[in-house]
Amino acid sequence: AAFDGTKGIETTIHELGHNLGLWHANRLDCGTEIVADNCSTVFYADFYDSMGSGSSAPHFNAFHKERLGWIDPDSSGWNRISSVVESGSYEISPYAADGGVKALRIRRGPNAEGGVDFFYLEFRQPLGWVDALAQHAYEGLLVHLGNDTVADSSRLLNMTPEDKWEHVLRPGRPFYDPASDVTIELLSACAYGEIVDIII
């Protein structure tokens with residue numbers, strides 16, 4: 001990327017992401033549903049990722065960080081993604097905190113266009129490089145879909161479709177995906193982490 005004139009930190013991080021190989025962070029619009037067969041992609045509309053569009057410079061989402069090798073799936077490393085392969089309760093650490101599980105990855109199934117779709121669950125808190133996000137972003141789970149073979153497949157899910165501005169999955173509102181027979185429920189959330197119940 002080449003800059004013509006003065007650019008802010010938001011644009012700089014966004015373009016650096018492209019130089020690293022990332023595509024845009026988009027949102028899935030399914031109307032009154034969270035996921036469905038007739039959804040459309042809203043480009044740049046993931047406001048929780050610098051590869052989307054917004055006035056802040058938040059972290060890249062877990063799908064993007066996995067593609068960069070910054071968080072590794074199923075490693076014993078300091079920061080990692082945990083692949084969920086059986087039902088149970090799982091803990092997620094705050095995304096910008098040192099150590100722990102940074103995201104959960106759940107297989108959704110084959111995509112009609114090829115590859116396999118995965119849910120990525122993450123928990124944002126205003127720590128470290130501060131994600132200057134709306135307060136609701138810190139009160140629940142952010143959920144993305146990403147395809148293991150398609151770089152341009154990062155899609156934020158709106159877990160509260162009745163509110164087009166609040167996208168998190170809050171405690172007490174289980175999400176069931178009939179395509180994968182997966183249920184995701186946030187049991188508790190505090191500044192130190194979240195407990196998520198997953199049924200596969």
Side-chain angles (χ1 to χ4, degrees), residues 13 17 22-28 34-35 45-52 54 56-75 77-85 88-108 117-148 151 153-160 165-171 173-175 177 180 182-198:
I13 293 173
L22 298 181
W23 291 62
H24 288 133
N26 306 312
R27 179 172 53 83
L28 202 61
I34 295 173
V35 287
D46 181 354
F47 306 117
Y48 310 97
D49 186 322
S50 286
M51 299 312 295
S56 66
H59 283 259
F60 300 139
N61 66 48
F63 170 73
H64 281 152
K65 285 191 177 184
E66 181 188 36
R67 293 192 65 81
L68 293 172
W70 292 1
I71 50 178
D72 297 321
D74 307 319
S75 73
W78 187 242
N79 297 300
R80 63 189 185 278
I81 296 175
S82 182
S83 289
V84 176
V85 295
S89 295
Y90 296 82
E91 185 172 353
I92 306 177
S93 300
Y95 200 56
D98 287 334
V101 173
K102 302 293 103 182
L104 298 176
R105 185 177 71 166
I106 307 165
R107 188 181 195 274
R108 185 171 193 241
D117 280 342
F118 289 87
F119 293 111
Y120 289 82
L121 284 56
E122 60 193 63
F123 175 47
R124 300 292 181 98
Q125 287 291 285
L127 303 170
W129 174 263
V130 176
D131 277 349
L133 303 174
Q135 179 61 34
H136 70 260
Y138 308 129
E139 298 172 352
L141 277 172
L142 286 176
V143 182
H144 292 82
L145 272 177
N147 186 286
D148 64 348
S153 65
S154 175
R155 294 157 286 164
L156 171 72
L157 300 183
N158 186 356
M159 306 307 289
T160 54
W165 299 110
E166 183 173 332
H167 301 96
V168 298
L169 179 64
R170 291 178 175 273
R173 294 191 56 161
F175 160 64
D177 175 40
S180 59
V182 165
T183 300
I184 301 168
E185 183 175 4
L186 178 57
L187 299 182
S188 65
C190 68
Y192 304 105
E194 292 184 320
I195 304 296
V196 184
D197 192 55
I198 297 171

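The figures here come from the full heavy-atom set of this structure, side chains too, leaving out hydrogens, waters and symmetry mates.
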> Using the salt bridge (charged side-chain N to carboxylate O under 4.0 Å, His left out) criterion, which residues pair with Asp177? Sequence neighbours excluded.
Arg108
> Could you tell me whether the side chain of His144 reaches within less than 4.5 Å of the side chain of Leu156, counting heavy atoms only?
yes
> Run the side chain to side chain contact (heavy atoms under 4.5 Å, CB included) check on Val196 and Leu169 step by step: do they pass?
CA-CA 11 Å; Val196 184; Leu169 179 64; over 6 Å; no
> In chain order, what residues pass the side-chain hydrogen bond (donor to acceptor under 3.5 Å, both in side chains) check against Arg27, with sequence neighbours excluded?
none
> Using side chain to side chain contact (heavy atoms under 4.5 Å, CB included) as the criterion, list what pairs up with Ser153, not counting sequence neighbours.
Phe63, Asn147, Val150, Arg155
> Of all residues at least two apart in sequence or in a different chain, which pass the ring-ring contact (aromatic ring centres under 6.0 Å, His included) check with His64?
none
> Please report the interatomic distance CG(Leu145) to CG(Asp117), rounded to the nearest 0.5 Å.
5.5 Å
> Would you please classify the geometry between the His167 ring and the Phe47 ring as parallel, tilted or perpendicular, with 30° and 60° separating the classes?
tilted
> Return yes if some donor-acceptor pair links the side-chain N/O of Thr183 with the main-chain N/O of Ile198 below 3.5 Å, else return no.
no
> Could you tell me which residues satisfy side-chain hydrogen bond (donor to acceptor under 3.5 Å, both in side chains) with Asp148, sequence neighbours excluded, listed by chain and number?
none
> Please step through side chain to side chain contact (heavy atoms under 4.5 Å, CB included) for the pair Phe175 and Phe119, ending with a clear verdict.
CA-CA 12 Å; Phe175 160 64; Phe119 293 111; 4.0 Å; yes
> Flag the pair Val101 / Tyr90 as yes when at least one side-chain heavy-atom distance between them is below 4.5 Å, and no otherwise.
no
> I need the Phe118 CZ to Leu104 CG distance, nearest 0.5 Å.
13.0 Å
> Quick check against the 3.5 Å criterion: does Lys102 have a side-chain atom that pairs as donor or acceptor with the backbone of Ile92?
no
> Nearest heavy-atom pair of Ala62 and Ala103: which atoms, and what distance?
CB-CB, 3.5 Å
> Give me the atom names and distance for the closest heavy-atom approach of Ser50 to Pro58.
OG-O, 2.6 Å
> Measuring only between side-chain heavy atoms, which start at C-beta, is Leu142 closer than 4.5 Å to Val168?
yes
> For Asn61, enumerate each residue passing the side-chain hydrogen bond (donor to acceptor under 3.5 Å, both in side chains) test, keeping only those at least two apart in sequence or located in another chain.
Asp49, Ser154
> Using side-chain hydrogen bond (donor to acceptor under 3.5 Å, both in side chains) as the criterion, list what pairs up with Glu66, not counting sequence neighbours.
Arg105, Tyr120
> Can you list the residues that meet the salt bridge (charged side-chain N to carboxylate O under 4.0 Å, His left out) rule with Glu122, with sequence neighbours excluded?
Arg124
> Find the distance between CG (Leu28) and CG (Leu157) and round it off to the nearest 0.5 Å.
6.0 Å
> Could you list all the salt bridge (charged side-chain N to carboxylate O under 4.0 Å, His left out) pairs where at least one residue sits in residues 133-144, not counting sequence neighbours?
Glu139-Arg170
> Could you grab the distance from atom OG of Ser89 to atom CD of Glu194, nearest 0.5 Å is fine?
13.0 Å
> My understanding is that only residues two or more places apart in sequence, or in another chain, count here; which of them pass ring-ring contact (aromatic ring centres under 6.0 Å, His included) with Trp70?
Phe60
> Measure the CG-CZ distance between Leu141 and Phe123 for me, rounded to the nearest 0.5 Å.
8.5 Å
> Can you list the residues that meet the side chain to side chain contact (heavy atoms under 4.5 Å, CB included) rule with Pro171, with sequence neighbours excluded?
Leu186
> Identify, with sequence neighbours excluded, every residue that meets side chain to side chain contact (heavy atoms under 4.5 Å, CB included) alongside Ala191.
Gln125
